[in-house]
There are 4 protein chains.
Amino acid sequence: MGRYEEILDAAGRLFSERGYHATSVREIARQLDLQGGSLYAHIDSKEEVLFQIVERAAHRFSEVVQNLPEGDARVRVCAFVRGHLRVIVEELPYATVFFHEWKFLSEPYKDRVRRLRDAYETALKELIEEGVREGVFRVEDPDLAAKFVLGALNWVYQWYRPGGRLGPEELARGFCPLVLGALGGGEG
Amino acid sequence: MGRYEEILDAAGRLFSERGYHATSVREIARQLDLQGGSLYAHIDSKEEVLFQIVERAAHRFSEVVQNLPEGDARVRVCAFVRGHLRVIVEELPYATVFFHEWKFLSEPYKDRVRRLRDAYETALKELIEEGVREGVFRVEDPDLAAKFVLGALNWVYQWYRPGGRLGPEELARGFCPLVLGALGGGEG
Amino acid sequence: MGRYEEILDAAGRLFSERGYHATSVREIARQLDLQGGSLYAHIDSKEEVLFQIVERAAHRFSEVVQNLPEGDARVRVCAFVRGHLRVIVEELPYATVFFHEWKFLSEPYKDRVRRLRDAYETALKELIEEGVREGVFRVEDPDLAAKFVLGALNWVYQWYRPGGRLGPEELARGFCPLVLGALGGGEG
Amino acid sequence: MGRYEEILDAAGRLFSERGYHATSVREIARQLDLQGGSLYAHIDSKEEVLFQIVERAAHRFSEVVQNLPEGDARVRVCAFVRGHLRVIVEELPYATVFFHEWKFLSEPYKDRVRRLRDAYETALKELIEEGVREGVFRVEDPDLAAKFVLGALNWVYQWYRPGGRLGPEELARGFCPLVLGALGGGEG
DNA sequence: AATGAATGAGTGTTCATTCAT
DNA sequence: CATGAATGAACACTCATTCAT
């Protein structure tokens with residue numbers, strides 16, 4: 001792992017624990033046994049670090065939606081749930097920063113992130129609409145349903161801690177039927 | 001509305017938009033046409049303001065769970081959903097701060113908030129367990145289901161804006177079947 | 001005791017314990033169960049309070065030198081020692097402020113205090129010179145001797161606490177021979 | 001002289017002239033042509049600066065008592081007087097701060113200083129007791145006598161200014177007989 | 001007399017960032 | 001690459017003082 005990635009990782013951990021504004025550049029540096037100013041040989045600004053973390057998390061999430069298997073909508077939604085949760089669990093700090101701190105990006109960046117998020121939500125909504133067309137889901141408002149499901153999944157970063165009661169696999173196995181049930185595709 | 005409530009409201013709006021650490025005391029004061037230091041005739045510290053906001057939001061949420069109607073678990077869960085969403089929608093800034101910024105409270109306060117949150121989640125879990133015992137819900141892991149539902153509901157603060165496509169009533173009407181479906185009590 | 005004297009007393013106690021600059025007007029007010037601003041119905045400024053305290057202490061000291069008994073220089077010096085120590089002991093807070101905080105007065109006041117101190121020291125020096133002329137003291141540099149004696153006496157405020165090992169009377173009885181010895185008039 | 005010592009010196013001068021609380025960090029910085037915040041690259045807090053000054057003064061004084069010559073108690077007391085006065089005169093700002101401002105240290109530090117002062121006073125008291133045992137001093141209350149002598153010496157910081165009527169050597173020559181006289185060891 | 005709210009300047013301290021070495 | 005010193009703006013908070021009530 002290069003120096004740059006080390007910086008992103010240290011910053012990701014700190015941003016996720018204390019928030020972007022409550023984390024000083026010096027603290028990030030100290031994690032790498034550097035002086036505060038020394039980071040600037042590697043980065044241009046604190047905001048760049050935030051943006052890179054958010055971007056990388058966004059990229060991991062977008063892979064989920066790009067690699068869904070063929071199959072009926074129930075299979076595809078479950079794969080989405082599993083993939084989405086895997087990103088959250090495997091990249092807990094990055095995902096936390098992605099959900100919490102993207103607002104602090106300034107405008108050229110913030111809008112870019114907003115569009116990525118919207119596209120992701122839209123992909124889920126379309127997945128749900130497919131299921132409705134296929135007759136396996138019964139959903140009145142697919143947009144609302146997509147927000148509902150994403151909320152349920154995203155909230156996981158609030159309480160999931162590695163080494164807890166549920167491993168990542170059990171988590172996905174537990175969530176899949178809940179999601180399918182919500183979409184009216186529970187059994188049939 | 002007394003001066004103190006005005007302060008909490010202005011602070012709540014700013015904290016919810018920019019976050020606690022990115023909001024300066026001077027900015028809160030400016031909203032009330034005051035000098036920065038003048039706030040301290042009314043408050044003891046910035047943290048006190050955060051705590052009061054969080055506490056009041058917590059209180060609003062706890063009322064929801066205390067005023068559930070009699071009836072079968074489906075009715076009660078739907079009332080919970082409706083009540084919970086109403087607090088989020090009516091107190092959007094306070095609720096946002098409650099979800100996002102409580103972590104920045106220092107220890108005597110933070111723990112108190114944590115316990116309120118846990119109690120609230122437990123109440124929902126027990127509601128779900130009731131439904132399972134009554135035979136109206138089919139849920140494998142009530143704890144996980146409670147976290148799932150709460151996540152789906154709480155996430156609303158991320159996208160809900162007054163004057164948007166859905167009013168608070170439609171929001172609740174849309175969410176209720178999604179929640180019941182997730183809990184396996186969709187149509188029985 | 002009028003309100004004004006209550007204020008001086010409370011301020012004297014606080015100034016002597018924490019120093020002038022470390023004592024806020026609000027703290028003085030709180031001792032009298034008042035709000036900070038309410039003091040200004042009685043005083044013009046914080047500095048006025050300091051000046052009054054210093055002035056009153058100076059007045060008490062100047063009485064000592066004005067009321068010396070007739071007699072030989074040894075008797076008069078001992079009366080000076082006794083009187084000076086009595087002021088320190090009886091007015092410990094005022095005396096402490098007089099020694100410590102007069103420097104913080106601004107110029108019209110500060111110079112006035114300086115002159116009072118100088119006059120007081122000069123009086124002691126002349127007392128010593130009398131004794132030399134009378135042949136009861138043997139002192140090379142009466143000015144230095146006066147400073148020596150005053151220092152020894154004044155320092156008492158640093159360690160004297162009411163209720164300690166020595167009462168005010170024993171203190172004077174202990175100091176008198178030390179002073180006379182220093183002036184070469186110990187036993188004759 | 002390193003930057004840190006420059007800071008202590010500038011602070012020592014200002015603290016001694018205006019007092020600790022009336023000296024702002026910005027003023028100390030200005031003496032070194034720095035911005036206020038820049039000091040914090042060198043120090044942790046304003047209080048640390050005060051503590052270092054007090055500690056260094058205390059160290060200089062303690063050397064006096066450790067380096068007394070052999071000889072009878074009169075010789076030793078005079079060496080003490082000479083050494084003590086030399087520290088005051090040579091380190092006038094530090095000594096002034098040591099006498100005046102140590103009270104503003106907060107508790108872990110303050111107690112440490114208190115103990116150093118007490119130990120120093122005890123050393124002088126024991127010196128006086130030696131002299132009594134040797135028969136060269138006649139003193140009723142050695143503890144009081146030690147306080148008397150220390151007060152007389154310490155007070156020098158109140159009026160001594162370099163370039164005044166008396167140089168440091170004459171000062172010591174003038175004080176020695178006064179001290180010996182006070183202790184009843186004047187001539188014999 | 002006293003209050004309570006307000007001011008405007010100031011406090012010690014932290015911050016992201018720069019730069020000569 | 002990294003340091004250590006520096007900047008200048010900002011921070012939360014305190015202060016002596018004012019003033020309408």
Side-chain angles (χ1 to χ4, degrees), chain A residues 2-4 6-7 11 20-29 32-50, chain B residues 2-4 6-7 11 20-29 32-50, chain C residues 2-4 6-7 11 20-29 32-50, chain D residues 2-4 6-7 11 20-29 32-50:
Chain A
R3 206 59 156 152
Y4 193 70
E6 281 179 1
I7 293 171
Y20 175 69
H21 280 111
T23 302
S24 75
V25 170
R26 272 176 178 78
E27 279 173 302
I28 302 170
L32 301 157
D33 287 314
L34 290 180
Q35 297 293 113
S38 307
L39 274 196
Y40 287 83
H42 305 275
I43 65 171
D44 284 341
S45 70
K46 189 187 177 191
E47 193 182 12
E48 178 207 323
V49 173
L50 173 57
Chain B
R3 207 58 157 152
Y4 192 68
E6 282 180 2
I7 293 171
Y20 175 69
H21 280 112
T23 302
S24 75
V25 170
R26 273 175 182 78
E27 279 173 302
I28 301 170
L32 302 158
D33 286 314
L34 289 179
Q35 296 291 114
S38 305
L39 274 196
Y40 288 85
H42 306 275
I43 65 170
D44 282 341
S45 69
K46 190 188 176 189
E47 193 183 13
E48 177 206 326
V49 173
L50 173 57
Chain C
R3 208 58 158 152
Y4 193 70
E6 281 180 3
I7 293 171
Y20 176 69
H21 281 111
T23 302
S24 76
V25 169
R26 271 175 179 78
E27 279 173 303
I28 301 170
L32 302 156
D33 286 313
L34 291 179
Q35 296 294 114
S38 307
L39 274 197
Y40 286 85
H42 305 275
I43 65 170
D44 283 341
S45 70
K46 189 187 176 189
E47 193 183 11
E48 177 207 324
V49 174
L50 174 57
Chain D
R3 207 58 157 152
Y4 193 69
E6 282 179 2
I7 293 171
Y20 176 68
H21 280 113
T23 302
S24 77
V25 169
R26 276 170 182 81
E27 279 173 301
I28 302 170
L32 301 158
D33 286 313
L34 289 180
Q35 296 291 114
S38 306
L39 274 195
Y40 287 83
H42 306 275
I43 66 170
D44 282 341
S45 69
K46 189 188 176 190
E47 193 183 12
E48 177 207 325
V49 173
L50 174 57

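Numbered from 1 within each chain, the chains take letters A, B, ... in sequence-line order. Only this structure's heavy atoms are used, side chains among them; waters, hydrogens and symmetry mates stay out.
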Quiz item: Taking the nucleotide of DNA chain F with the closest heavy atom to each, which residue, B/Tyr20 or C/Lys46, is nearer the 5' end?
Solution: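 In this pair, the answer is B/Tyr20.
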Quiz item: Between B/Glu47 and C/Ser24, which has a closest nucleotide on DNA chain F that is more 5'?
Solution: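 On the 5' side of the pair lies B/Glu47.
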Which residues pass the salt bridge (Lys or Arg N to Asp or Glu O under 4.0 Å) test with [X], not counting sequence neighbours?
X: C/Glu6; value: C/Arg3
X: D/Arg26; value: none
X: C/Glu47; value: none

Quiz item: If you look at every strand shown and take non-hydrogen atoms under 4.0 Å, does B/Arg3 touch a base, only sugar-phosphate, or nothing?
Solution: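 Since only primed, P, OP1 and OP2 atoms lie under 4.0 Å of B/Arg3, the category is sugar-phosphate.
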Quiz item: Taking DNA chain E as the partner, which of residues 32-42 of chain C come within under 4.0 angstrom of it by heavy atom?
Solution: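 Those residues are C/Leu34, C/Gln35, C/Gly37, C/Ser38, C/His42.
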Self-check item: side-chain contact (heavy atoms from CB on, under 4.5 Å) against A/Tyr4, all qualifying residues, sequence neighbours excluded
Solution: A/Leu8, A/Ile43, A/Glu48, A/Gln52, A/Arg56
Practice problem: Please identify each residue that fulfils side-chain hydrogen bond (donor to acceptor under 3.5 Å, both in side chains) with D/Gln35, with sequence neighbours left out. | Solution: none
Exercise. Look at the side chain of D/Arg26 against the base of E/dG12 and say whether a donor-acceptor pair falls under 3.5 Å; ignore hydrogens and angles.
Key: yes
Practice problem: For DNA chain F, note the earliest and the latest nucleotide, 5' to 3', having some atom under 4.0 Å of a heavy atom belonging to chain B. | Solution: F/dC11 to F/dT14
Quiz prompt | Exercise: identify the closest heavy-atom pair between A/Val49 and A/Ile7 | solution =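 So the minimum-distance heavy-atom pair works out to CG2-CG2, 4.5 Å.
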Quiz item: Which pair of heavy atoms, one from A/Val25 and one from A/Gly36, lies closest together, and at what distance?
Solution: CG1-O, 3.9 Å
Exercise. Specify the separation, in whole Å, of atom CG of D/Asp44 and atom C1' of E/dT13.
Key: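 D/Asp44 atom CG is separated from E/dT13 atom C1' by 11 Å.
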Quiz item: In whole angstroms, how far is the P atom of E/dG4 from the OH atom of B/Tyr4?
Solution: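 Distance, rounded to whole Å: 16 Å.
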Self-check item: All ring pair (Phe, Tyr, Trp, His ring centres under 6.0 Å) counterparts of B/His42, not counting sequence neighbours
Solution: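 Partners of B/His42 by the ring pair (Phe, Tyr, Trp, His ring centres under 6.0 Å) criterion come out as none, since no residue qualifies.
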Practice problem: Can you tell me which stems involve DNA chain F, if a stem is defined as three or more consecutive Watson-Crick or G-U wobble pairs, both distances under 3.5 Å? | Solution: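 If one scans DNA chain F for consecutive Watson-Crick or G-U pairs, the stems found are E:2-21 with F:2-21.
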Quiz item: Say you draw a straight line from CG of D/Leu32 to CG of D/Leu39; how long is it, rounded to the nearest 0.5 Å?
Solution: 6.5 Å
Exercise. Compute both the distance and the angle, then confirm whether B/Lys46 meets the cation-pi test with B/Tyr40: under 6.0 Å from the six-membered ring centre, within 45 degrees of the axis.
Key: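 No - B/Lys46 does not lie over the ring of B/Tyr40 by the 6.0 Å and 45° rule.
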Quiz item: Going by the salt bridge (Lys or Arg N to Asp or Glu O under 4.0 Å) test, which pairs reach into residues 32-44 of chain C, not counting sequence neighbours?
Solution: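 Pairs touching residues 32-44 of chain C that pass the test: none.
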